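Heads up: the structure comes next, in structure tokens.
None of these values were measured; they are calculated from a predicted model.
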Amino acid sequence: MEKIYTGDPSEIIQSFPNFHLEMHCCRYWWIKNWEHKKLSFPFWRIYNNVQKGGFMEYKQQIYEMEPDTLYLIAPNTDYSSRLYNHTIPEEGYRLTGGRISGTDGKQLDELRKNGAVEHLFLHFTLGYPYDNVSPGIYPFRMNKHLEDKIIRLRRYLTKNVAQFNFTIVLTIQSLICELLFLMGEEKWKYPIRDVRIAKVISHIENNIDKDFTNELLANMANMATNAFSRLFKEYVGETLQNFIKKKRIQQACLFLLHSNQSIDEIAEKTGFANRYHFTRIFSRITGYTPAKYKKEGVFLGFHPRS
């Protein structure tokens, strides 16, 4: 009897990794100062400078930023930055810059003559487990495909800073996917191979506003509470509740940096009882109040404390 197919003609069930690419910003600025002693963020970054003069340092390796190179920075990478031979302040930071959009050709020429560097940067996340790779800075020399995408982005961002059309979003996604592919397959192998741990972590990240008890999460893994708590700490390196707190704070940092939500709204969306509880935990983990981070967080970075 002839088999009738209604969709996929194969009986083999296929499994595909599930990731969620979420853009947080894509901007094109001029900068004359970019001196930070320590930057670290819970999201991916891509940098490209039109002119020479930018430097980053990570683990005693200095990256001199070349115009024909894209720099992909993994989440929670602690690095310093500067322009030219500028001194990095021991406390705080030094940043001078502004949007390219709204700057006419004469103004931009004058800025270049005075040492300004044109700086394209993108922030994004991929979700668990792809935001949990080892920290690092990954430079990639631009090929023709990458160069075309960067030129298209720069042109678009000289006129548009808020609204992105469908084709430019596809350009951004294509750029990100190509760089992630160039990182190499070995970078996407994770130490957490226990499906029970992976399932629980994914559930936490996708429901960060919910209450989580050890018993509830252990039931999800079909394990006794104490046994699962021990297994989780063995794989992840910290207790369940500490992990959850840090995940809440990481999500709060994203909201503070990339949204106009109030601190009360962010506290609610990240699972804290109220603003005061949120402020206490946020300050303990990052060293800053949410209000200060919201005002200056793009410069302060995210520095979790144990």
Side-chain angles (χ1 to χ4, degrees), residues 16-31 34 41-51 54 65-75 95 97-109 111-112 116-128 130-131 138-183 205-206 208 250-262 265-266 269 294 297-299:
F16 298 93
N18 184 25
F19 71 94
H20 176 63
L21 172 56
E22 183 176 359
M23 287 301 305
H24 300 294
C25 74
C26 177
R27 305 196 186 280
Y28 187 28
W29 274 36
W30 60 266
I31 51 175
W34 190 47
F41 299 90
F43 47 80
W44 293 86
R45 312 191 117 202
I46 296 173
Y47 290 153
N48 174 249
N49 289 355
V50 176
Q51 296 85 13
M65 301 174 72
E66 299 287 344
D68 63 351
T69 302
L70 294 170
Y71 298 86
L72 178 66
I73 304 172
L95 177 72
R99 292 192 301 267
I100 296 290
S101 175
T103 305
D104 62 35
K106 183 179 288 188
Q107 290 173 316
L108 194 53
D109 284 341
L111 287 166
R112 290 173 184 144
V117 171
E118 293 163 64
H119 179 63
L120 176 71
F121 58 98
L122 298 85
H123 302 170
F124 64 95
T125 49
L126 299 171
Y128 179 82
Y130 304 104
D131 292 333
Y138 303 93
F140 297 105
R141 188 68 58 87
M142 279 195 279
N143 55 33
K144 186 67 167 61
H145 296 292
L146 291 171
E147 184 179 17
D148 287 346
K149 293 179 180 70
I150 290 297
I151 290 172
R152 197 175 308 147
L153 277 178
R154 285 193 202 126
R155 286 175 178 166
Y156 192 85
L157 290 168
T158 57
K159 299 177 181 178
N160 304 274
V161 295
Q163 298 296 324
F164 290 80
N165 63 39
F166 182 64
T167 56
I168 204 68
V169 169
L170 290 178
T171 300
I172 293 169
Q173 293 184 347
S174 175
L175 170 69
I176 291 171
C177 288
E178 187 165 352
L179 292 182
L180 295 174
F181 175 79
L182 289 172
M183 283 180 66
E205 293 200 338
N206 291 327
I208 202 65
Q250 286 183 346
Q251 185 60 55
C253 286
L254 289 175
F255 285 142
L256 288 166
L257 290 175
H258 297 112
S259 81
N260 292 323
Q261 297 174 68
S262 69
E265 289 172 324
I266 292 170
K269 287 193 172 183
K294 186 175 179 65
V298 70
F299 315 121

Any side-chain heavy-atom pair of Phe140 and Met183 under 4.5 Å: yes

Atom pair CD/CZ of Gln261 and Phe255 - distance to nearest 0.5 Å: 5.5 Å

Between OH on residue Tyr71 and CG on residue Leu120, distance to nearest 0.5 Å: 13.5 Å

Check ion pair Arg112-Asp109 (N to O, under 4.0 angstrom): yes

Distance-minimising heavy-atom pair for Asn260 and Lys294: C-NZ, 4.1 Å

Passing candidate, side-chain hydrogen bond (donor to acceptor under 3.5 Å, both in side chains) with His123, options His24, Arg27, Arg45: Arg45

Closest heavy-atom pair and its distance - Met23, Leu122: CE-CD2, 4.2 Å

Member of Asn49, Leu108, Asn48 meeting the side-chain contact (heavy atoms from CB on, under 4.5 Å) criterion with Glu118: Leu108

Check: Thr69 and Met65 side chains under 4.5 Å, non-hydrogen atoms: no

Test: Asp148 and Arg152 ion pair at under 4.0 Å: no

Spacing of Ile31 atom CD1 and Ile100 atom CD1 [to the nearest 0.5 Å]: 9.5 Å

From CD1 (Ile150) to OH (Tyr28), nearest 0.5 Å: 10.0 Å

Tyr138 side chain vs Leu179 backbone, donor-acceptor pair below 3.5 Å: no

4.5 Å side-chain heavy-atom contact, Trp44 and Ile176: no

Within-4.5 Å side-chain heavy-atom neighbours: Leu254 and Gln250: no

Ring geometry between His258 and Phe43 (parallel below 30°, tilted from 30 to 60°, perpendicular above 60°): perpendicular

Closest approach of Arg99 to Thr103 (non-hydrogen atoms, all atoms of both residues): O-OG1, 3.1 Å

Nearest non-hydrogen partners of Ser174 and Lys149, listed with the distance: OG-CE, 2.7 Å

Separation between CG of Leu175 and CG of Leu72, rounded to the nearest 0.5 Å: 9.0 Å

side-chain hydrogen bond (donor to acceptor under 3.5 Å, both in side chains) between Asn143 and Glu178, worked out: CA-CA 11 Å; Asn143 55 33; Glu178 187 165 352; 3.2 Å; yes

Under 3.5 Å donor-acceptor, Asn165 side chain and Ile168 backbone: yes

Residue pair Leu257, Phe41: steps toward the side-chain contact (heavy atoms from CB on, under 4.5 Å) verdict: CA-CA 10 Å; Leu257 290 175; Phe41 299 90; 4.0 Å; yes

Point-to-point distance, once rounded to the nearest 0.5 Å, from OG of Ser262 to CG of Leu256: 10.0 Å

Side chains of Thr125 and Pro75 in contact at under 4.5 Å (non-hydrogen atoms): no

Heavy-atom closest pair, residues Phe164 and Tyr156: CA-OH, 3.5 Å

Beyond-backbone contact of Ile266 with Lys269, side-chain heavy atoms, under 4.5 angstrom: no

Heavy atoms from other residues, nucleotides or ligands near CG of Asp104 exceed 12 (cutoff 6.0 Å): yes

Minimal non-hydrogen separation, Leu157 against Cys26, with atom names: CD2-O, 3.4 Å

Pairing residues for His119 by the ring-ring contact (aromatic ring centres under 6.0 Å, His included) criterion, not counting sequence neighbours: Trp34, Tyr47, Phe121

